[in-house]
Amino acid sequence: MVAERREEEQRKLGQRLKQAREAAGYSQQEAAELLDLSRPTIADIEAGRRRVDSLLLRELAGLYGVQPWELLGPADETSNTVQVREALFAEIESAKVLGSDKQQIARFWQTLEHFARLSQEVGRVKPSLPENGRGFNARVPDYLVEAEADQVRTLLGLGDFPLRVDLRYLIESRGIPIFLWPLSPDPISGLYLNYPELGPVLLVNASQVKWRQVFTLAHEFAHVWLHRQEHVVASRIFAPQGDPRVIERQANTFAAEFLMPEEGVKRAIALLGLEGPLMAQDVVRLQRYFGVSYKAMLVRLKNLRLITQEYFETLSRESPVRIALQLGYEVDASEVGEVRDLPFYEQLSMEYMALVFQAWEQGKIGEGKAAQLLGTDRHSLHEFVRFLEELMRKQQEEIVPSEVGG
């Protein structure tokens, strides 16, 4: 039994070595000559007929521009990691996602595995997040959830005012990776996932309208704060019937107060001079002021009892995009149904990209492997590097003007 398992591992190692050689652009003959081996030796290794010691493995990895541990395949997973993976795909099944979305979620999980590997290499420390002051079970009333959202705003120095910084940057700067991932518009709005080696990780469905993505991100951030004991939560915020789970309702309550604090909404109505019954154009102004969707703003106004249920239904039938254009607001392409393919640097977490570039710069992985880990091609990778270099050059010129001598 042990011998059979060893033979199987040797065969899989051979397959991975072949894939790495081909990805690096070498023939068997070229690899053999560079390593001072014979071509049949390379062929036997790749067929699993010849054992590879640690020294040869390092030489092969160095030639192919990868790390030795990448050639050894997935590390033995902890029971916690297995539980999270099983919980993730169970959530996906319960949401009845399309086959293409299942493939995207599988790609997302694979990216997290790479992320964990790179994190181990550099000794990344999981974010140390403050614990909330109470357990948020099903019996916790909404006003305590809102109080928690207010407390978080205070901790982040936001007060009652609309967010003046990008929410994604604000959350990622606290050590919580965020991925903007291409999925079908329905049914999944976002994912909260507590990966054992990484801590909380968030995914936002990139196919949503820009403003909806903001609420989804705040909703997933709520799970980080309120429900850190959960392995995975697949959110269906904008489904016609909503999501009946208590933790989802709590996350919606938190997100609404976090993005549109009650006192802030009332102050904005006064500052914008919105007197009398709120009209559709007033709701659009408030929506743009707080950076949320028209629907989210309407629901918030209804829950704050600033509009009635009947008037909510009336305002829901208006066209916010048409009104926004009439008011002179810039309309995002996603608001008129245009879906663009996101470049890799918008899809991926800032920290994950930084780890990949760090490994590349230190010679731990090759250019081809860096492009693979980033989900792009070498040309696009070079274009992005040139963009970063140009950006840094311009920033340096601003710090030290060229006309300053000496």
Side-chain angles (χ1 to χ4, degrees), residues 23 88-89 92 95-115 118 166-169 171-172 176-193 201-220 234-239 291-293 295 320-321 324-325 329-357 360 365 367-391:
L88 170 62
F89 287 98
I92 298 308
K96 299 180 180 179
V97 302
L98 300 173
S100 58
D101 279 355
K102 290 181 181 178
Q103 294 173 0
Q104 287 291 353
I105 296 297
R107 187 170 74 88
F108 172 61
W109 179 263
Q110 188 177 46
T111 300
L112 294 185
E113 290 180 325
H114 293 316
F115 196 168
L118 291 167
D166 179 70
L167 181 58
R168 183 177 184 181
Y169 171 79
I171 296 174
E172 285 219 65
I176 303 170
I178 296 169
F179 293 81
L180 198 57
W181 216 252
L183 299 172
S184 302
D186 293 311
I188 292 178
S189 304
L191 278 174
Y192 157 81
L193 183 148
V201 179
L202 307 183
L203 175 149
V204 174
N205 186 347
S207 299
Q208 297 176 123
V209 174
K210 170 186 173 182
W211 306 114
R212 284 189 171 187
Q213 292 178 18
V214 175
F215 193 89
T216 295
L217 183 49
H219 176 103
E220 304 309 331
S235 302
R236 298 180 281 277
I237 304 169
F238 302 105
V292 297
S293 70
K295 180 178 180 180
V321 174
L325 288 170
Y329 288 109
E330 182 178 347
V331 172
D332 188 77
S334 64
E335 295 183 81
V336 292
E338 294 182 20
V339 179
R340 67 184 182 94
D341 292 330
L342 291 180
F344 71 91
Y345 50 85
E346 290 187 33
Q347 287 188 32
L348 300 173
S349 155
M350 294 185 294
E351 186 180 7
Y352 175 68
M353 286 195 295
L355 289 176
V356 173
F357 277 105
W360 182 22
I365 60 174
E367 179 185 282
K369 187 62 179 180
Q372 179 187 348
L373 291 175
L374 295 171
T376 189
D377 54 68
R378 297 189 184 196
H379 174 73
S380 299
L381 179 58
H382 280 288
E383 288 292 312
F384 181 63
V385 170
R386 279 195 288 269
F387 166 75
L388 290 179
E389 290 173 347
E390 179 65 15
L391 184 63

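Residue numbers count from 1 along this sequence. This is a predicted model, so every value here is computed, not measured.
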Are E335 and K210 ion-paired here, with the side-chain N under 4.0 Å from a carboxylate O?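 K210 and E335: not salt-bridged.
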Looking at R386 and E390, is there a salt bridge between them, counting it only when a charged N and a carboxylate O are closer than 4.0 Å?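 Result for this pair is no, no salt bridge flagged.
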Return the [atom1] to [atom2] distance between [X] and [Y], rounded to the nearest 0.5 Å.
{"X": "Q347", "Y": "T376", "atom1": "CD", "atom2": "OG1", "answer": "9.5 Å"}
{"X": "L193", "Y": "L202", "atom1": "CG", "atom2": "CG", "answer": "9.5 Å"}
{"X": "L191", "Y": "W181", "atom1": "CG", "atom2": "CH2", "answer": "11.5 Å"}

Heavy atoms, side chains only, cut-off 4.5 Å: are [X] and [Y] in contact?
{"X": "F215", "Y": "V204", "answer": "no"}
{"X": "L355", "Y": "W360", "answer": "no"}
{"X": "H382", "Y": "H379", "answer": "no"}
{"X": "V201", "Y": "F108", "answer": "yes"}

For Q104 and R107, what are the C-alpha separation, side-chain angles and deciding distance, and is it a side chain to side chain donor-acceptor pair (under 3.5 Å)? CA-CA 5 Å; Q104 287 291 353; R107 187 170 74 88; 3.1 Å; yes
Which heavy-atom pair separates [X] from [Y] by the least distance, and what is that distance?
{"X": "A371", "Y": "D377", "result": "CB-C, 4.0 Å"}
{"X": "L373", "Y": "Y352", "result": "O-OH, 2.7 Å"}
{"X": "V356", "Y": "I365", "result": "O-CD1, 3.8 Å"}

Using only atom types and a distance under 3.5 Å, with no angle test, would you say the side chain of [X] pairs donor to acceptor with the backbone of [Y]?
{"X": "R168", "Y": "I178", "value": "yes"}
{"X": "Q213", "Y": "A206", "value": "yes"}
{"X": "D101", "Y": "S184", "value": "yes"}
{"X": "S207", "Y": "L183", "value": "yes"}
{"X": "Y345", "Y": "M353", "value": "no"}

Evaluate the criterion side chain to side chain donor-acceptor pair (under 3.5 Å) for residue pair Q208 and S334; output intermediate values, then yes/no. CA-CA 7 Å; Q208 297 176 123; S334 64; over 6 Å; no
Check whether the side chains of N205 and S189 place a donor and an acceptor atom closer than 3.5 Å, and report yes or no.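 No donor-acceptor contact under 3.5 Å links the two side chains.
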Classify the ring geometry between F115 and F179 as parallel (under 30°), tilted (30 to 60°) or perpendicular (over 60°).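 Rings of F115 and F179: perpendicular, over 60°.
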Start with the C-alpha distance between K295 and W211, add both sets of side-chain angles, then the distance that settles side chain to side chain contact (heavy atoms under 4.5 Å, CB included), and finish with yes or no. CA-CA 10 Å; K295 180 178 180 180; W211 306 114; over 6 Å; no
